[in-house]
Enquirer: 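Just dropping this structure here.
The chain is numbered in sequence order, starting from 1. Indexing begins at 1, ligand by ligand and atom by atom, following the structure's order. When reading the values below, keep in mind they use all heavy atoms of this one structure, side chains included, and skip hydrogens, waters and symmetry mates. Computed from a predicted model, the values in this text were never measured in an experiment.
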Amino acid sequence: MQNELETRLTEAVIARLGDDADPRFRRIMQGLIRHVHDFVREVELTETEWFEAIKFLTATGQKCDDKRQEFILLSDVLGVSMLVDAVNHRASGGSTETTVLGPFFVHGAREIANGDDMAAGWKGEPTLVSGRVLSVEGRPLAGALLDLWQSNSEGSYDVQLADTGGKQLRAKLRTDAEGRFGFRTILPTSYPVPTDGPVGLVLNHMGRHPMRPAHLHFMVSAPGHETLVTHLFVKGDPYLESDVVFGVKDSLIVDFRRSESQAEAQKAGLKAPFYSASYDFVLRPAGEAKQHSARSAGDAVKS
Ligand code: BEZ
Ligand code: FE
C-alpha cells in the first residue's frame with residue numbers, strides 16, 4: 001500500500017519549479033518528474049536497482065567521445081529516437097517518410113558529381129542508386145543537396161575503423177536541372193550496432209539481437225523545404241521486421257535489383273553482376289513541421 005508521502009513527494013518536487021523558469025522547460029521538467037516518479041512507484045524500484053541504473057548511465061556517458069555517442073545509441077534501441085522523430089515529422093501530402101539519424105552522421109563529407117562512385121576503393125557488390133528530388137506538388141528540385149553515408153561490406157562505418165584516411169563511404173551530391181541524382185556505391189549489408197559498451201550489455205540482458213537491416217542513409221535538403229533525414233532499406237533483408245532501432249517503414253523498403261547484363265553495367269561504368277535501385281524523395285515545404293537537425297556524435301561533446 002502506497003503511503004501518502006510517496007505521492008506527495010511528486011507534487012512537492014514539481015512545486016519547487018521556479019515561476020520564472022522558461023515555460024517550455026517547466027512543462028518538460030513537470031512531465032519528466034511525474035513519469036520518473038510514477039515509474040519508481042510502478043516497479044517498486046529497489047535501492048540496488050537504482051544504483052545499477054546510475055552505474056549504467058555513468059558508463060554510458062564515459063563511453064561517449066567525439067566519434068562514439070552511446071546516449072544516441074541508448075535512445076535508438078529504446079525506440080525513443082523513433083518516437084521523437086514520429087511526433088516531429090508526421091508524414092503528410094505524400095512527402096517521404098523520415099527515420100533515425102543514428103550516431104554515424106559526420107559533417108563535411110566531400111562533394112561528388114552525379115554518376116561518381118562514393119565507395120571507390122572499397123570492396124563490395126557494385127551498386128547504382130538513382131532517382132529524383134521532388135516537391136510535394138511533383139516539381140523537380142534542381143540543386144537539392146543529398147548527404148549520403150553507409151557502412152562498408154562488413155558493417156562498419158569509417159568512424160568505427162582506425163586509419164581509413166579521412167571520411168569514407170560518405171558523400172554529398174547535388175541534383176541536376178531536372179532534380180535527378182545518381183551515384184555508384186557498394187551494396188549495403190545488415191550489421192550490428194556497437195555492442196562493446198553498456199548499451200550492448202543491456203540489449204543482451206533484454207534478450208535482443210543488435211542487428212540493423214541493410215540500408216543507405218540520406219539527408220536531403222533544398223531551399224524552402226524541410227530537410228529530410230531518412231534511409232533506403234534493402235528489400236528482402238532478414239532484419240526488416242526486427243530492426244534493433246525500430247527504424248523501418250514500408251515506404252522506405254526498396255528493391256535493389258540484381259543484373260547480370262554486361263551491357264547495362266557498362267552504361268553505368270560498372271562490372272556485372274551489379275545491383276540497382278531507384279527512389280524519388282519528396283520534400284515538404286519548410287515551416288510545416290519542426291526542422292530536422294543534422295547532429296554528429298562530435299556535436300554532443302562540444303560545449
Ligand atoms: C545507423 O544506422 O547508422 C545507426 C542507427 C542507430 C543506431 C546505430 C546505428
Ligand atoms: Fe546505418
Enquirer: Quick check against the 3.5 Å criterion: does D237 have a side-chain atom that pairs as donor or acceptor with the backbone of A214?
Expert: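 A pair under 3.5 Å: yes.
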
Enquirer: For R212, counting its heavy atoms only, list the atoms of ligand 1 lying under 4.0 Å from any of them.
Expert: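 Going through ligand 1 atom by atom, the ones under 4.0 Å from R212 are 1 (C), 2 (O), 4 (C), 5 (C).
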
Enquirer: Would you find a donor on one side and an acceptor on the other, under 3.5 Å apart, between the side chain of S135 and the backbone of R139?
Expert: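 Looks like yes, one N/O pair under 3.5 Å.
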
Enquirer: I'd like to check which ligand 1 atoms, numbered from 1 as shown, lie under 4.0 Å from a non-hydrogen atom of H217.
Expert: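 Result: 1 (C), 2 (O), 3 (O).
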
Enquirer: Below 3.5 angstrom, do we get any N/O pair linking D76 and ligand 1?
Expert: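 The answer is no, given that D76 and ligand 1 share no N or O pair closer than 3.5 Å.
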
Enquirer: Do T10 and H37 have side-chain N/O donor and acceptor atoms under 3.5 Å apart?
Expert: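 Yes, a side-chain donor-acceptor pair sits under 3.5 Å.
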
Enquirer: Would you mind running through ligand 1 and noting each atom that sits below 4.0 Å from a heavy atom of L73?
Expert: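 Those qualifying, in numeric order: 7 (C), 8 (C).
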
Enquirer: Whether R110 and D116 form a salt bridge (side-chain N of Lys/Arg under 4.0 Å from carboxylate O of Asp/Glu) is what I want to check.
Expert: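 Between R110 and D116 there is no salt bridge, as every charged N stays at least 4.0 Å from the carboxylate O atoms.
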
Enquirer: Report, as a single number, the protein N, O or S atoms less than 2.8 Å from the Fe ion (ligand 2).
Expert: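 Under the 2.8 Å cut-off, the count stands at 4.
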
Enquirer: Give the atom numbers and elements of ligand 1 that come within less than 4.0 Å of a heavy atom of V245.
Expert: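 Contacts of ligand 1 toward V245, numbered from 1: 6 (C), 7 (C).
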
Enquirer: Does ligand 1 have a heavy atom under 4.0 Å from the side chain of I72, from its backbone, from both, or from neither?
Expert: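 Neither part.
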
Enquirer: If you have a sec, work out which protein heavy atom is nearest atom 9 (C) of ligand 1 and how many Å separate them, to one decimal?
Expert: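 Nearest protein contact, heavy atoms only, for atom 9 (C) of ligand 1 is P103 CD, 3.4 Å.
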
Enquirer: Following the transitive rule for hydrophobic clusters with a side-chain heavy-atom cut-off under 4.5 Å over Ile, Leu, Val, Met, Phe, Trp and Tyr, establish whether V245 and I72 coincide in one cluster.
Expert: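 No, separate clusters.
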
Enquirer: Please confirm whether Y157 comes under 4.0 Å of ligand 1, counting heavy atoms of the residue only.
Expert: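 Flag set, Y157 near ligand 1.
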
Enquirer: Between N114 (side chain) and G182 (backbone), is there a donor-acceptor pair under 3.5 Å?
Expert: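 Flag set: sc N114 to bb G182 pair under 3.5 Å.
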
Enquirer: Checking a contact table here: which protein heavy atom is nearest atom 1 (C) of ligand 1, and how many Å away?
Expert: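 Ranking protein heavy atoms by distance from atom 1 (C) of ligand 1, first comes Y191 OH, 2.8 Å.
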
Enquirer: Please could you name the atoms of ligand 1 that G102 approaches to less than 4.0 Å, counting only its heavy atoms?
Expert: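 Heavy-atom distances to G102 below 4.0 Å select 5 (C), 6 (C).
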
Enquirer: Is the distance from the ring center of H217 to that of F104 below 6.0 Å?
Expert: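 No, too far apart.
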
Enquirer: Is it true that a side-chain atom of T185 and a backbone atom of M118 form a donor plus acceptor pair closer than 3.5 Å?
Expert: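 No.
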
Enquirer: Between R170 and D158, is there a donor-acceptor pair closer than 3.5 Å when you use the side chain of the first and the backbone of the second?
Expert: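 The answer is no, because no donor-acceptor pair under 3.5 Å joins these two groups.
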
Enquirer: Any donor and acceptor pair, going by atom type alone, linking the side chain of E70 with main-chain N or O of A59 inside 3.5 Å?
Expert: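 A pair under 3.5 Å: no.
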
